[in-house]
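Remarks on the structure that follows.
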2 protein chains.
Amino acid sequence: MEKRDLLYFCTACRDKSIEDIEKIKCTIPHVLKTYKKGEYIAYQGDKVAHIFLLTKGKVKTEIVSDPGLTLHIEEIGAPYPLAAAFLFADRNFFPVDVVALEDSEVIKIRKEVIEEQMAKCPFFLRGFMAFTANRMQFLSERLKIFSLKGIKTKVAFFILQHTRGEEFEIGQSIASLAEYFGVERPSLSRALSEMVHDGIIEYKSGRGKIINRSELEIILNDV
Amino acid sequence: MEKRDLLYFCTACRDKSIEDIEKIKCTIPHVLKTYKKGEYIAYQGDKVAHIFLLTKGKVKTEIVSDPGLTLHIEEIGAPYPLAAAFLFADRNFFPVDVVALEDSEVIKIRKEVIEEQMAKCPFFLRGFMAFTANRMQFLSERLKIFSLKGIKTKVAFFILQHTRGEEFEIGQSIASLAEYFGVERPSLSRALSEMVHDGIIEYKSGRGKIINRSELEIILNDV
DNA sequence: CTAATTTGGTAACATTTGTTACACTTGCTA
DNA sequence: TAGCAAGTGTAACAAATGTTACCAAATTAG
């Protein structure tokens with residue numbers, strides 16, 4: 001473990017060199033644990049009393065609904081704070097099992113220690129808040145896109161959000177945009193083609209232009 | 001404004017009587033603003049430097065993509081903290097306009113003041129963290145449901161999440177469950193009927209029973 | 001420069017979901 | 001008790017999206 005891992009949330013430490021960080025007398029009580037591939041890091045229903053900073057390795061989460069039958073949920077790679085959303089929530093228990101997919105390393109910091117550190121170090125407080133706020137923002141945006149029905153509606157929303165003036169850039173491949181929307185690539189491709197055909201937008205190789213803005217609005221407001 | 005509004009996030013104050021709260025010498029610098037119906041509370045692109053506690057009234061958010069053409073996003077009623085996700089985020093500007101739908105009252109507290117208060121009062125810190133964590137949890141769950149393709153998949157996930165043993169309860173009307181899933185009521189109704197017909201579950205008036213659990217798992221893992 | 005790989009457009013068809021309308025139940029109210 | 005409203009199941013049809021396969025364009029590797 002590097003000391004930097006422990007100061008993951010501290011905006012003042014994040015960019016410091018390893019040497020500088022060694023000099024800081026900022027001590028945070030914690031436990032360092034290593035897990036072999038296949039070991040359980042946390043169990044469904046466990047109370048979340050620590051931050052779990054995954055510093056090395058990779059884990060998966062799964063729901064066990066019946067002995068022998070498990071349901072895979074997602075994979076998470078280091079470095080990442082596990083269970084950050086649960087530590088301070090009213091329903092503060094693990095909704096899933098967490099299992100090491102590779103040999104992994106986890107720093108566990110007690111909730112009370114996190115609270116103290118936030119009270120003590122403004123940079124840590126800001127870093128922690130920034131982490132949760134950024135994640136909330138990310139989730140909000142994705143949920144907004146997902147809640148829009150119809151691929152053209154998603155496209156219209158995306159374009160209106162990513163344009164100032166008349167021209168927009170997709171900034172990523174069609175394939176990854178389709179994944180972002182949660183639809184199949186050919187479906188997105190078809191929707192785009194139809195919108196071009198209908199004279200609503202122009203589009204070519206990642207760049208586009210709004211032709212009929214009010215039509216875009218209509219697509220969106222019809223929802 | 002009630003003083004309680006100002007201590008919205010403080011878990012120690014939330015349940016106190018108005019009289020008790022009056023006795024607390026906990027002062028938080030703030031600005032109280034009132035807006036007439038139709039007035040703008042914040043503009044798209046504004047830097048978010050305050051928490052906006054909506055204490056009275058109702059607001060809407062909208063994207064203005066072109067003069068005269070606006071896109072309605074959502075309505076928010078008091079009491080609710082506006083822009084809580086943006087205050088500490090790296091991208092800390094309003095993504096929307098915020099407009100008063102009724103005569104409204106807003107408490108504005110500067111970011112620095114919030115930080116100080118969190119450092120000073122553990123109850124405020126916890127309350128604030130609980131608010132953001134609960135919201136993150138809510139968003140995560142909804143996003144999970146939305147990201148599952150196919151109504152039966154959503155149903156399977158929902159059931160496996162809401163059951164210990166063999167029996168489950170929907171705990172809400174089919175209509176509101178359909179809304180939660182983001183699908184139409186008859187579609188959900190059809191999916192349930194088919195699952196009953198296929199011998200996967202039993203279901204009657206809000207209560208159900210898993211008949212073929214492994215089939216449920218298959219539906220989910222096929223995704 | 002050419003071949004190989006990736007990326008994107010398109011078409012035909014299958015599947016899912018939405019839409020609309022109606023019947024039936026339940027609980028409540030006049 | 002009759003009548004009304006809300007909630008639900010269902011069916012026929014329409015519309016949207018997924019699936020699969022193939023080709024063309026763009027990019028990369030050699």
Side-chain angles (χ1 to χ4, degrees), chain A residues 142-159 162 168-209 211 215-216 218-223, chain B residues 142-159 162 168-209 211 215-216 218-223:
Chain A
R142 299 232 56 197
L143 191 58
K144 178 70 197 172
I145 284 282
F146 269 103
S147 70
L148 295 172
K149 289 174 190 166
I151 298 181
K152 287 183 190 175
T153 313
K154 294 175 205 271
V155 172
F157 183 80
F158 183 87
I159 290 176
H162 286 76
F168 60 88
E169 280 188 35
I170 287 190
Q172 54 189 314
S173 69
I174 295 285
S176 55
L177 188 62
E179 196 181 350
Y180 179 69
F181 285 173
V183 302
E184 296 303 318
R185 181 191 61 78
S187 302
L188 174 57
S189 196
R190 171 174 45 205
L192 277 171
S193 297
E194 284 174 13
M195 291 171 82
V196 170
H197 177 266
D198 294 347
I200 301 172
I201 56 172
E202 279 177 5
Y203 172 74
K204 192 162 173 259
S205 60
R207 300 175 142 278
K209 194 171 164 185
I211 305 298
E215 196 59 38
L216 275 188
I218 289 168
I219 290 174
L220 259 164
N221 283 316
D222 273 354
V223 179
Chain B
R142 299 232 57 198
L143 191 56
K144 178 70 197 172
I145 283 282
F146 269 103
S147 69
L148 295 173
K149 290 174 190 167
I151 298 181
K152 287 183 190 175
T153 312
K154 294 175 206 269
V155 172
F157 183 80
F158 182 87
I159 289 177
H162 285 76
F168 60 88
E169 279 188 36
I170 288 191
Q172 54 188 313
S173 70
I174 295 285
S176 54
L177 188 62
E179 195 180 351
Y180 179 69
F181 285 172
V183 302
E184 294 303 318
R185 182 192 61 78
S187 300
L188 174 56
S189 196
R190 170 174 47 203
L192 278 172
S193 297
E194 285 174 12
M195 292 171 82
V196 170
H197 177 267
D198 294 346
I200 301 172
I201 57 171
E202 279 177 6
Y203 172 74
K204 190 161 176 263
S205 61
R207 299 174 143 277
K209 194 172 164 184
I211 305 298
E215 195 59 37
L216 275 188
I218 289 168
I219 290 174
L220 259 164
N221 282 316
D222 272 355
V223 178

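From a predicted model like this one, the values you see are computed outputs, not experimental measurements. Protein chains get the first letters and strands the later ones, always in sequence-line order, with residue 1 at the start of each.
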Check: For B:His197 and D:dA11, what is the distance between atoms NE2 and P respectively, to the nearest whole Å?
Finding: 11 Å
Note to self: Heavy atoms only, 4.0 Å cut-off, all strands: where does A:Ser173 land among base, sugar-phosphate and nothing?
What the structure shows: sugar-phosphate
Checklist line | Spacing between A:Lys149 atom NZ and C:dT17 atom P, to the nearest angstrom | finding: 13 Å
Notebook entry, point to check: In the 5'-to-3' direction, what one-character label does each nucleotide of nucleotides 21-27 of chain C receive under the scheme B = base within less than 4.0 Å of a protein heavy atom, S = sugar-phosphate only, - = no such atom?
Noted result: -------
Check: What nucleic acid atoms does B:Ile151 come within less than 4.0 Å of, heavy atoms only: base, sugar-phosphate, or nothing?
Finding: sugar-phosphate
Next item on the list: For B:Glu179, look at atom CD and say whether over 12 heavy atoms of other residues, nucleotides or ligands are found less than 6.0 Å away.
Entry: no
Check: Counting side-chain heavy atoms from C-beta on, which of D:dT8, D:dG18, C:dT19 comes nearest to B:Ile174?
Finding: D:dT8
Check: Are the charged groups of A:Glu215 and A:Lys152 less than 4.0 angstrom apart, N to O?
Finding: no
Next item on the list: Answer yes or no: is there a donor N or O on one side and an acceptor on the other, between the side chain of B:Thr153 and the main chain of B:Lys149, under 3.5 Å?
Entry: yes
Check: Is A:Tyr203 touching bases, backbone alone, or none of the nucleic acid, heavy atoms closer than 4.0 Å?
Finding: sugar-phosphate
Checklist line | Under-4.0 Å side-chain N/O to phosphate OP1/OP2 contact, A:Ser189 with C:dT10 | finding: no
Notebook entry, point to check: How many Å lie between CG on A:Leu192 and P on C:dT7, as a whole number?
Noted result: 17 Å
Note to self: Please report the distance, rounded to the nearest Å, between CG in A:Leu188 and C1' in D:dT17.
What the structure shows: 12 Å
Item checked: Point-to-point distance, once rounded to the nearest 0.5 Å, from CG of A:Leu216 to CD1 of A:Ile159 -> 5.5 Å
Check: D:dT10 P sits how many Å from B:Met195 CE, rounded?
Finding: 15 Å
Check: Hey, which of these two, A:Ser187 or A:Lys204, hits DNA chain D nearer its 5' end, going by closest nucleotide?
Finding: A:Ser187
Check: Separation of B:Lys152 atom NZ from C:dT15 atom P, in whole Å?
Finding: 12 Å
Next item on the list: Give the rounded distance in Å between these two atoms: NZ of A:Lys154 and P of D:dA16.
Entry: 14 Å
Check: Roughly how far apart are B:Ile219 CD1 and B:Ile200 CD1, rounded to 0.5 Å?
Finding: 4.0 Å
Notebook entry, point to check: Once the angle between the rings of B:Tyr180 and B:Phe158 is folded into 0 to 90°, is it parallel (under 30°), tilted (30 to 60°) or perpendicular (over 60°)?
Noted result: perpendicular
Next item on the list: To the nearest 0.5 angstrom, please state how far the CD1 atom of A:Ile145 sits from the CZ atom of A:Phe181.
Entry: 5.0 Å
Notebook entry, point to check: How close or far is atom P of C:dT15 from atom CD of B:Glu194, stated in whole angstroms?
Noted result: 13 Å
